[in-house]
Amino acid sequence: MTRHTASRAATLALLAMVAACVDSPTEPGESGTRWNADETATDTRSGVDLVISYDASGRRFTGTVTNTTSATVTAVRVEIHLSNGTELGPTPRVDLAAGAKQSVTLDASGQSFDWYSVHVELGSSSG
């Protein structure tokens, strides 16, 4: 491989990495999937399933987190990111026993948005 070809390959690899990051989430564990306001969002992290949707009449997001594992998962919380840059949540941390399900509600009063993304956070780390 010539020096010029190696340089070009490195440049292309760098550009591909940058392009992949342009629309990616800013925090670890965020899926980055965008959901329209009329769609039900889902996210799974380490055996914890989130199902949540926007209730336009109530101006809030409602759903559940479910522990699908055989052990307690600690400090589970949920965040929603709106297209307008607003972050809703996180919800208070809860410990979910094996198989347990917890309701989730996040207020979106006064918010106008085109899409939203969601993610589940686990453990005691901040962020």
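Since we're looking at a predicted model, the values are computed, not measured.
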Taking every non-hydrogen atom, the tightest pair across Glu79 and Gly89 = CG-C, 4.4 Å

Of all heavy-atom pairs between Gly123 and Arg93, which one has the smallest distance, and what is that distance?
-> O-NH1, 2.7 Å

Does any N or O in the side chain of Thr66 come within less than 3.5 Å of the main-chain N or O of Lys101, such that one atom is a donor and the other an acceptor?
-> no

In Å and rounded to the nearest 0.5 Å, what is the CZ to OG distance from Phe61 to Ser53?
-> 8.5 Å

With no hydrogens and no angle check, do the side chains of Thr62 and Asp55 hold a donor and an acceptor under 3.5 Å apart?
-> no

Does Leu96 reach the side chain of Gln102, with side-chain heavy atoms less than 4.5 Å apart?
-> yes

Of the options Ile80, Thr40, Thr42, Ile52, which is the one that meets Trp35 in a side chain to side chain contact (heavy atoms under 4.5 Å, CB included)?
-> Thr42

First locate atom OG of Ser83, then atom CD of Gln111, and finally report the distance between them rounded to the nearest 0.5 Å.
-> 9.5 Å

Can you get from Val94 to Leu88 by hopping between Ile, Leu, Val, Met, Phe, Trp and Tyr side chains that sit under 4.5 Å apart?
-> yes

Minimum heavy-atom separation for Tyr116 to Glu39, with atom names?
-> OH-O, 2.6 Å

Give me the ring orientation class for Tyr54 and Phe113: parallel if the planes are under 30° apart, tilted from 30 to 60°, perpendicular past 60°.
-> perpendicular

Euclidean distance, Ser117 OG relative to Glu87 CD, rounded to 0.5 Å = 9.0 Å

Any Lys/Arg nitrogen of Asp107 or Arg60 sitting under 4.0 Å from an Asp/Glu carboxylate oxygen of the other?
-> no

For Thr74 and Asp95, work out which heavy atoms get closest and say how close.
-> CA-OD1, 3.2 Å

Side-chain donor or acceptor of Arg34 paired with backbone N/O of Asp114 under 3.5 Å = no

Checking side chain to side chain contact (heavy atoms under 4.5 Å, CB included) against Val118, which of Thr33, Val51, Leu50 comes through?
-> Leu50

Gap between atom NE2 of His119 and atom CZ of Arg45 - 0.5 Å precision = 7.5 Å

Asp49 (side chain) donor-acceptor with Thr44 (main chain) under 3.5 angstrom | no

State yes or no: do Leu106 and Trp115 share one hydrophobic cluster built from I, L, V, M, F, W and Y residues joined by side-chain heavy-atom distances below 4.5 Å, directly or via other members?
-> no

Nearest heavy-atom neighbours spanning Ser46 and Leu122 | CB-CD1, 3.5 Å

Give the minimum heavy-atom separation between Ser70 and Ala98, together with the two atoms involved.
-> C-CB, 3.4 Å

With sequence neighbours left out, the residues meeting side chain to side chain donor-acceptor pair (under 3.5 Å) with Thr69 are Asn67

